[in-house]
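Below is one structure, written out as structure tokens; the observations come after it.
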2 protein chains.
Amino acid sequence: MSTGAPAGYDPHAFEPFAVTVDLAVFTVRGGRLHVLLVERGEDPYKGHWALPGGFVLPRESAESAARRELAEETGLTEDTAGALHLEQLRTYSDPDRDPRMRVVSVAYAALVPDLPEPRGGGDAAGARWWDAGALGPLAFDHDRILADAYDRIGAKLEYSCLATAFCPPEFTLGELQQVYETVWGVELDRPNFRRKVLTTPGFVQALEGSPRRTGGRGKPAALYRAGAATALHPPLLRPEGRST
Amino acid sequence: MSTGAPAGYDPHAFEPFAVTVDLAVFTVRGGRLHVLLVERGEDPYKGHWALPGGFVLPRESAESAARRELAEETGLTEDTAGALHLEQLRTYSDPDRDPRMRVVSVAYAALVPDLPEPRGGGDAAGARWWDAGALGPLAFDHDRILADAYDRIGAKLEYSCLATAFCPPEFTLGELQQVYETVWGVELDRPNFRRKVLTTPGFVQALEGSPRRTGGRGKPAALYRAGAATALHPPLLRPEGRST
DNA sequence: GCCTTTATAGTCAGAATGACTATTAAGGAG
DNA sequence: CTCCTTAATAGTCATTCTGACTATAAAGGC
């Protein structure tokens, strides 16, 4: 706000706003994009699945609330997953988006590497990963939030180094390419992808002594870790059109 | 929100959140980027300049509130400026960002063509355009919001057709180029800019009968209006690095 | 009529990309 | 052990896109 409260504004005068966060937590497992959802144990939308989230506490910022919720739902903290990427998406404020009261929700997208199945901690009845491809309707306006989140990360892969956030600390270029192919739903040419990634300074960084990942079916692949760069110049454009 | 209020959650139990909108309204005039600011008439920050904005009313969305405030401050509605572009930026929720109470603010960026000086309508003591280059410190965290807004529109010019929102309904390619040069603070090669814009389908649309803008100093320029496209493929990249 | 200014047309080399082919190095089947 | 399959890696080549230019056209000012 800015122009000052209306003269005589009383914070308690009318039904107040509640402020919450909603999280679209994505991961790539088995060549499919997955989203973390929790099952609602109460009305409204009892039995439906929803994005994890919760109230912003009186003395915390929305981002702190998002990190707290993320830790509660996934058991992850900044330490356990250094690559954790949390990004504010946008805020949803339709007056009727929650039938119980006026709730304004700040949505975040989080990208995590493949994780173990979430422990059922927190207040959620159950939490599990769902294939993002085929989801039944979610509670509240979460379908819309999820669609916006999906658009955002797809677009962001084009001009940022974000894809490494989906990978474990050490990864092969094939795994990185898998991330792009999974999120975009397209196939990329392997040599071209490789050239692009390796000629972009700071995108990835070869591991010392060039260890290789063996045990797979083909020629062992070199290992890399995420580089220092955050932006991609020029961008790595999707074969077709874009959104946003 | 999503997981349900904590059992027994009472909306009136603690100091509630107020939800506001803040607007970074940009225009290009005289080859300089300008921002609309209002002077605060009350403490805190009395006498400082701030982004226009105000409370979200109990039955309206943040976007409606933003449009309402924008109309109040500029005298513009959707009708008067068809090209008006309003875009949600992000939400600022630091617990101490307003010393009076807990205020969560949804920030929007608006792009408008060159407008007459704003009438002093609304509750603001005074409102005027400021050169975005050299601004004194603003009230609250508005310096930060403004910086974020600036980053966003600069980045968005690269991959969207947004620049036309700064132009009047009919414009020349020179004027469009001026927008890019002003926002990015760089000089662009005129023939190359022209080539890029004209070969991007749907970016601009030549006016029927190819009228020309005369009265200027050089050869009269052809007039265009904004095309149907919203995204730029491939993008029009800035000469140097980017942000966000 | 010059001169300045701006719009517009066109050229040319380098960079980046898309579509390929070839080679290397593993595991698995026989 | 040897062939076969699989995947990683190394190149090639043509096309597209871009940046840096030069040239021409059409206005106003003197």
Side-chain angles (χ1 to χ4, degrees), chain A residues 30-31 157-159 167 170-182 184 186-207 209-224 229 231-242, chain B residues 30-31 157-159 167 170-182 184 186-201 203-207 209-224 231-242:
Chain A
L157 287 195
E158 293 194 320
Y159 57 88
C167 296
E170 304 184 351
F171 53 86
T172 69
L173 294 187
E175 290 166 347
L176 187 63
Q177 181 175 349
Q178 263 278 314
V179 170
Y180 277 91
E181 293 182 329
T182 301
W184 287 348
V186 298
E187 290 217 331
L188 300 177
D189 179 80
R190 204 179 269 272
N192 290 343
F193 178 82
R194 179 182 183 74
R195 174 181 59 190
K196 175 68 180 173
V197 171
L198 292 180
T199 61
T200 298
F203 192 172
V204 297
Q205 176 191 355
L207 286 189
S210 39
R212 311 194 145 245
R213 171 158 306 170
T214 184
R217 246 174 308 194
K219 178 175 173 178
L223 288 174
Y224 297 84
L232 236 55
H233 277 292
L236 175 45
L237 296 175
R238 265 178 282 199
E240 289 308 299
R242 52 178 300 164
Chain B
L157 287 195
E158 293 193 322
Y159 58 88
C167 296
E170 302 183 353
F171 54 86
T172 69
L173 294 187
E175 290 166 347
L176 187 63
Q177 183 176 347
Q178 262 278 315
V179 169
Y180 276 91
E181 293 182 331
T182 301
W184 287 348
V186 299
E187 290 216 332
L188 301 177
D189 180 79
R190 204 178 269 273
N192 289 344
F193 178 81
R194 177 182 187 72
R195 176 181 58 190
K196 176 67 181 175
V197 171
L198 292 180
T199 60
T200 300
F203 192 172
V204 297
Q205 173 191 357
L207 286 189
S210 37
R212 309 191 147 248
R213 170 159 305 172
T214 184
R217 248 174 309 195
K219 175 174 173 178
L223 288 174
Y224 297 83
L232 237 55
H233 277 291
L236 174 45
L237 296 175
R238 265 178 281 200
E240 289 308 297
R242 53 177 301 165

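As the structure is a prediction and not an experimental result, all values here were calculated from the model. Lettering of chains follows the sequences in order, A, B, ..., and the numbering in each one begins at 1.
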- request: Looking only at non-hydrogen atoms, find the nearest pair between B/Leu188 and B/Tyr180 and report the distance.
  value: CD1-CB, 3.7 Å
- prompt: Taking all non-hydrogen atoms of both residues, which atom of A/Arg238 and which atom of A/Glu158 are closest, and how far apart?
  reply: N-OE2, 2.9 Å
- prompt: DNA chain D: A/Leu173 or B/Gly218, which has the more 5' nearest nucleotide?
  reply: A/Leu173
- line: DNA chain D nearest-nucleotide lookup for A/Leu198 and B/Asp189: closer to the 5′ end is A/Leu198
message: How long is the straight-line distance from CZ of B/Phe203 back to CG of B/Leu176, given to the nearest 0.5 Å?
response: 5.0 Å
message: Working to the nearest 0.5 angstrom, can you tell me the gap between B/Glu187 CD and B/Asp189 CG?
response: 10.0 Å
query: Counting just side-chain N and O atoms, does A/Lys196 come under 4.0 Å of either OP1 or OP2 of C/dT17?
result: yes
B/Arg194 vs C/dA9: side-chain N/O to OP1/OP2 distance below 4.0 Å: yes
Roughly, in whole Å, what's the span from [atom1] in [X] to [atom2] in [N]?
{"X": "B/Lys219", "N": "C/dC3", "atom1": "NZ", "atom2": "P", "result": "20 Å"}
{"X": "A/Arg190", "N": "C/dT21", "atom1": "CZ", "atom2": "P", "result": "17 Å"}
{"X": "B/Gln177", "N": "C/dA7", "atom1": "CD", "atom2": "P", "result": "8 Å"}
{"X": "B/Asn192", "N": "C/dG14", "atom1": "CG", "atom2": "P", "result": "16 Å"}
{"X": "B/His233", "N": "D/dC17", "atom1": "NE2", "atom2": "P", "result": "13 Å"}
{"X": "B/Glu187", "N": "D/dA20", "atom1": "CD", "atom2": "C1'", "result": "14 Å"}
{"X": "B/Tyr180", "N": "D/dG19", "atom1": "OH", "atom2": "P", "result": "13 Å"}
{"X": "A/Leu176", "N": "D/dA7", "atom1": "CG", "atom2": "C1'", "result": "16 Å"}

task: Could you tell me whether the side chain of B/Thr172 and the main chain of B/Glu175 form a donor-acceptor pair under 3.5 Å?
output: yes
message: Between C/dG18 and A/Arg195, counting only base atoms on the nucleotide and side-chain atoms on the residue, is there a donor-acceptor pair under 3.5 Å?
response: yes
query: If you find the nucleotide of DNA chain C closest to A/Pro220 and the one closest to A/Pro191, which residue's nucleotide is nearer the 5' end?
result: A/Pro191
message: Starting the side chain at C-beta, find the nucleotide from D/dT6, C/dA16, C/dT6 nearest to B/Arg217.
response: C/dT6
